[in-house]
S.K.: 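Mind looking over this structure? Questions follow.
Protein chains get the first letters and strands the later ones, always in sequence-line order, with residue 1 at the start of each. Excluded from the calculations below are hydrogen atoms, water molecules and symmetry mates; all remaining heavy atoms, backbone and side chain alike, are included.
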2 protein chains.
Amino acid sequence: MPAPFPPDHNPLVRKLESIFPLHDDERQALLDLPMQVNVLKDDQDVVREGDRPSRCFVILSGFTCTYKATGDGKTQIVAFGVPGDMPDLQSLHLKVLDISVATLSPCSVGFIQHEDLWDLCMRYPRLTAAFWRETLVEGAVFREWLLNVGRREAYHRMAHVLCEMLVRLRAVGLAEDHACNLPITQGEFADALGVTTVHVNRVLQELRANGLIELKGERLNVLDWEGLKQAGDFDPTYLHLVQERPAA
Amino acid sequence: MPAPFPPDHNPLVRKLESIFPLHDDERQALLDLPMQVNVLKDDQDVVREGDRPSRCFVILSGFTCTYKATGDGKTQIVAFGVPGDMPDLQSLHLKVLDISVATLSPCSVGFIQHEDLWDLCMRYPRLTAAFWRETLVEGAVFREWLLNVGRREAYHRMAHVLCEMLVRLRAVGLAEDHACNLPITQGEFADALGVTTVHVNRVLQELRANGLIELKGERLNVLDWEGLKQAGDFDPTYLHLVQERPAA
DNA sequence: CGTTTGGTTGAAATGTGTCAAACTTTGTGG
DNA sequence: CCACAAAGTTTGACACATTTCAACCAAACG
């Protein structure tokens with residue numbers, strides 16, 4: 001079955017429009033893109049480091065993480081993926097994958113053949129720009145994470161990532177102003193922040209004690225958005241959204 | 001004055017060919033690209049976070065660093081730039097810069113108007129792919145650095161960056177098999193690795209004591225390449241070079 | 001030469017890791 | 001709907017990598 005999304009709730013379209021204004025015909029072309037939809041359980045690899053894929057995928061629902069591992073098995077999450085994201089879009093140009101992508105929650109993903117994507121880009125040159133831009137924004141997030149991991153203490157690091165996730169989810173209509181679902185365990189946060197699970201736990205308690213957030217199960221509630229932004233030294237410019245919708 | 005490089009030593013061409021095979025006409029088109037050459041002293045900003053450039057630049061000679069800073073002034077270097085690199089190529093698609101680029105050594109850089117680059121990409125669609133690919137490889141390096149900073153101890157981190165620089169410089173013909181010039185101070189390494197200058201110093205001494213490297217002034221000499229690669233947990237796949245020339 | 005920049009050293013402070021156990025929630029099958 | 005297992009969270013004590021601070025040294029430079 002093809003993806004059953006009303007045009008304006010199609011995750012791919014929605015995501016691209018959050019960073020690039022689409023014309024009607026381009027939007028339609030995206031909706032018409034041949035796509036093989038797969039439903040995945042959580043904690044499953046979608047693609048693996050070393051793969052040489054002939055297709056890439058878009059997240060239709062659910063969350064993923066993009067990760068790498070050191071020789072002795074320590075893993076670092078380098079990005080979280082939310083609906084609309086294409087975590088291995090790079091494979092269009094880079095033959096062998098330098099990252100793995102796993103599901104953090106049950107997901108449905110749409111596989112798109114590289115040749116179909118090439119085709120689309122030929123027919124709609126502005127879409128080339130849109131996809132290129134998407135990979136560039138992804139790169140900007142890597143840079144910010146590098147600053148985050150390299151130069152901020154764990155407490156601030158955690159706050160920063162929470163800010164980012166909330167803003168990104170708002171941009172694709174998957175978060176209220178100050179709350180969202182975040183199916184990310186403390187162990188996964190640890191791998192994203194370059195710390196241990198134990199420390200993530202302590203730092204989260206601090207954030208809670210300071211009245212900045214509630215976080216229980218998959219539910220994140222930001223009690224003090226200004227405070228959290230400040231704690232995370234967060235400025236959304238690097239996300240390069242067409243227009244950050246200011247949260248009330 | 002236009003860049004006085006014999007065709008095959010033109011840094012831009014050389015760099016692109018290290019990750020993308022060019023046809024003759026494409027190579028010529030690159031050589032004909034209008035370019036304003038500027039000579040810069042070391043420790044100067046080329047572009048700054050927040051800028052909205054109408055051009056981007058290619059490094060013709062010298063080294064740069066791309067960096068970001070936290071609100072309280074700590075800086076993180078997210079990439080080193082070597083001749084042929086275009087550290088702010090992203091500005092072609094992202095209006096406002098989320099990074100600053102500074103010279104690490106005296107540099108000559110060539111500024112290219114965005115419109116001229118657009119033009120070129122129109123006339124030679126494969127060059128669009130080449131430039132896109134360049135930004136993707138840059139992204140792959142960010143990811144590896146994230147793993148490096150997040151999950152490796154300072155000693156291994158240092159070894160990793162040294163391996164990377166040597167391989168990248170070899171790819172553009174600026175390093176012998178096991179030695180190169182590296183105008184990077186310990187303070188700058190510190191900002192790249194997310195540690196302090198003091199610690200970089202101690203870690204370098206360890207690398208020297210273990211007989212892996214000599215590093216004095218700007219000169220890096222790798223005494224034990226296999227040992228350094230192992231210490232750095234280094235696998236060059238993520239650099240996506242067309243063909244890693246195996247060092248003897 | 002004196003001045004600046006970058007490198008080196010040591011001792012004490014600290015953020016984060018490690019280990020190991022207990023607790024809580026979630027999901028599943030009987 | 002309970003019972004149990006599995007997964008995730010929380011806690012404490014201690015170890016350790018790295019920071020901090022402060023001084024000193026060496027090389028480069030005008």
Side-chain angles (χ1 to χ4, degrees), chain A residues 41-44 63 65 70 72-77 102-106 148-161 181-209 213-220 231, chain B residues 41-44 63 65 70 72-77 102-106 148-160 162 181-209 213-220 231:
Chain A
K41 293 202 261 287
D42 64 347
D43 263 300
Q44 283 195 293
F63 285 64
C65 66
T70 61
D72 56 330
K74 279 174 277 195
T75 92
Q76 172 74 35
I77 292 177
T103 56
L104 292 174
S105 69
N148 205 32
V149 172
R151 285 304 186 208
R152 292 193 189 106
E153 294 185 351
Y155 175 82
H156 306 284
R157 242 179 265 179
M158 185 78 237
H160 189 99
V161 171
N181 279 7
L182 224 47
I184 303 175
T185 68
Q186 296 187 2
E188 287 151 356
F189 275 125
D191 283 343
L193 301 180
V195 296
T196 58
T197 305
V198 172
H199 205 57
V200 163
N201 184 277
R202 300 200 248 252
V203 149
L204 279 177
Q205 289 180 55
E206 243 189 293
L207 286 169
R208 283 190 274 244
I213 62 165
E214 277 172 6
L215 180 57
K216 187 149 171 63
E218 304 200 346
R219 191 69 189 162
L220 169 67
Chain B
K41 292 202 261 288
D42 65 348
D43 264 301
Q44 282 194 293
F63 286 64
C65 68
T70 62
D72 56 330
K74 279 175 277 195
T75 92
Q76 172 74 36
I77 292 176
T103 56
L104 291 174
S105 69
N148 206 31
V149 173
R151 286 303 187 208
R152 292 192 189 108
E153 294 185 349
Y155 175 83
H156 305 285
R157 243 179 265 180
M158 185 79 236
H160 189 99
L162 292 177
N181 278 6
L182 224 45
I184 302 175
T185 68
Q186 294 186 2
E188 287 151 356
F189 275 126
D191 282 342
L193 301 180
V195 296
T196 59
T197 305
V198 173
H199 204 56
V200 163
N201 184 277
R202 299 201 243 254
V203 149
L204 279 176
Q205 288 181 57
E206 241 189 294
L207 286 169
R208 284 190 273 244
I213 62 166
E214 276 172 5
L215 180 58
K216 188 152 171 59
E218 304 201 346
R219 191 71 189 161
L220 169 68

S.K.: Kindly indicate, with the supporting measurements, whether the criterion side-chain contact (heavy atoms from CB on, under 4.5 Å) is fulfilled by B/V195 and B/R157.
M.R.: CA-CA 10 Å; B/V195 296; B/R157 243 179 265 180; 3.4 Å; yes
S.K.: Please report, rounded to the nearest Å, how far the P atom of C/dG6 is from the CZ atom of B/F189.
M.R.: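 My rounded result for the distance is 14 Å.
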S.K.: Using a cut-off of strictly less than 4.0 Å, decide whether B/N201 has a side-chain nitrogen or oxygen near OP1 or OP2 of C/dT8.
M.R.: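 The answer is yes; a side-chain N or O of B/N201 sits under 4.0 Å from OP1 or OP2.
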S.K.: Could you tell me the separation between the CG atom of B/L182 and the P atom of C/dG6, rounded to a whole number of Å?
M.R.: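 In whole Å, C/dG6 P lies 15 Å from B/L182 CG.
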S.K.: Of the listed nucleotides (D/dA17, D/dG8, D/dT19), which one gets closest to any side-chain atom of A/T185?
M.R.: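 Taking heavy atoms from C-beta onward, the closest nucleotide is D/dG8.
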S.K.: Measure from CG on B/L204 to P on C/dT9 and round the result to the nearest Å.
M.R.: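 B/L204 atom CG is separated from C/dT9 atom P by 12 Å.
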S.K.: Is A/R219 close to A/N181 at the side-chain level, that is, under 4.5 Å between some pair of heavy atoms?
M.R.: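 Answer yes - side chains close enough.
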S.K.: By nearest heavy atom, map A/D43 and B/E153 onto DNA chain D; which one lands nearer the 5' end?
M.R.: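 Per heavy-atom nearest nucleotide, the more 5' residue is A/D43.
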S.K.: Give, for atom CZ of A/R202 and atom OG1 of A/T196, the distance between the pair rounded to the nearest 0.5 Å.
M.R.: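 If we round to the nearest 0.5 Å, A/R202:CZ and A/T196:OG1 are 6.5 Å apart.
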S.K.: Over how many whole Å does the gap from B/R152 atom CZ to C/dG17 atom P extend?
M.R.: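 In whole Å, C/dG17 P lies 17 Å from B/R152 CZ.
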S.K.: Closest to the A/Q205 side chain: C/dT9, C/dT25, D/dT10?
M.R.: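 Of the candidates, D/dT10 comes closest.
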S.K.: If you find the nucleotide of DNA chain D closest to B/T197 and the one closest to A/E188, which residue's nucleotide is nearer the 5' end?
M.R.: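 With B/T197 and A/E188 compared, the 5'-side residue is A/E188.
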S.K.: Could you give me the CA-CA distance, side-chain angles and deciding distance for A/M158 and A/V200, then say whether side-chain contact (heavy atoms from CB on, under 4.5 Å) is met?
M.R.: CA-CA 8 Å; A/M158 185 78 237; A/V200 163; 4.3 Å; yes
S.K.: Does B/Q186 put a side-chain nitrogen or oxygen below 4.0 Å from OP1 or OP2 of C/dT5?
M.R.: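 No, because none of the side-chain N or O atoms of B/Q186 sits under 4.0 Å from OP1 or OP2 of C/dT5.
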S.K.: Under 4.0 Å, heavy atoms only, any strand: does A/R208 hit a base, just the sugar-phosphate, or nothing?
M.R.: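 Sugar-phosphate only.
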S.K.: Please determine whether side-chain contact (heavy atoms from CB on, under 4.5 Å) holds for the pair B/L193 and B/H160, giving the CA-CA distance in whole Å, both sets of side-chain angles, and the decisive distance to 0.1 Å.
M.R.: CA-CA 10 Å; B/L193 301 180; B/H160 189 99; over 6 Å; no
S.K.: B/K216 NZ to C/dT8 C1': how many Å, rounded?
M.R.: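 Checked: the NZ to C1' distance equals 12 Å.
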S.K.: Using the side-chain heavy atoms of A/V198, tell me which of these nucleotides is nearest: C/dT18, D/dT18, C/dT16.
M.R.: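 Comparing C/dT18, D/dT18, C/dT16 against the side chain of A/V198, the answer is C/dT18.
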S.K.: Could you state the atom-to-atom distance from CD of B/E206 to C1' of D/dT18 in whole Å?
M.R.: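 It is 12 Å, rounded to the nearest whole Å.
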S.K.: Is there a side-chain polar atom (N or O) of A/R202 under 4.0 Å from OP1 or OP2 of C/dT18?
M.R.: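 No.
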S.K.: Which whole-number value in Å describes the distance from A/K74 NZ to D/dA17 P?
M.R.: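 About 11 Å, once rounded to whole Å.
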S.K.: Whole angstroms only, please: what is the CZ-P distance between A/R219 and D/dT9?
M.R.: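 After rounding, the gap between these two atoms is 17 Å.
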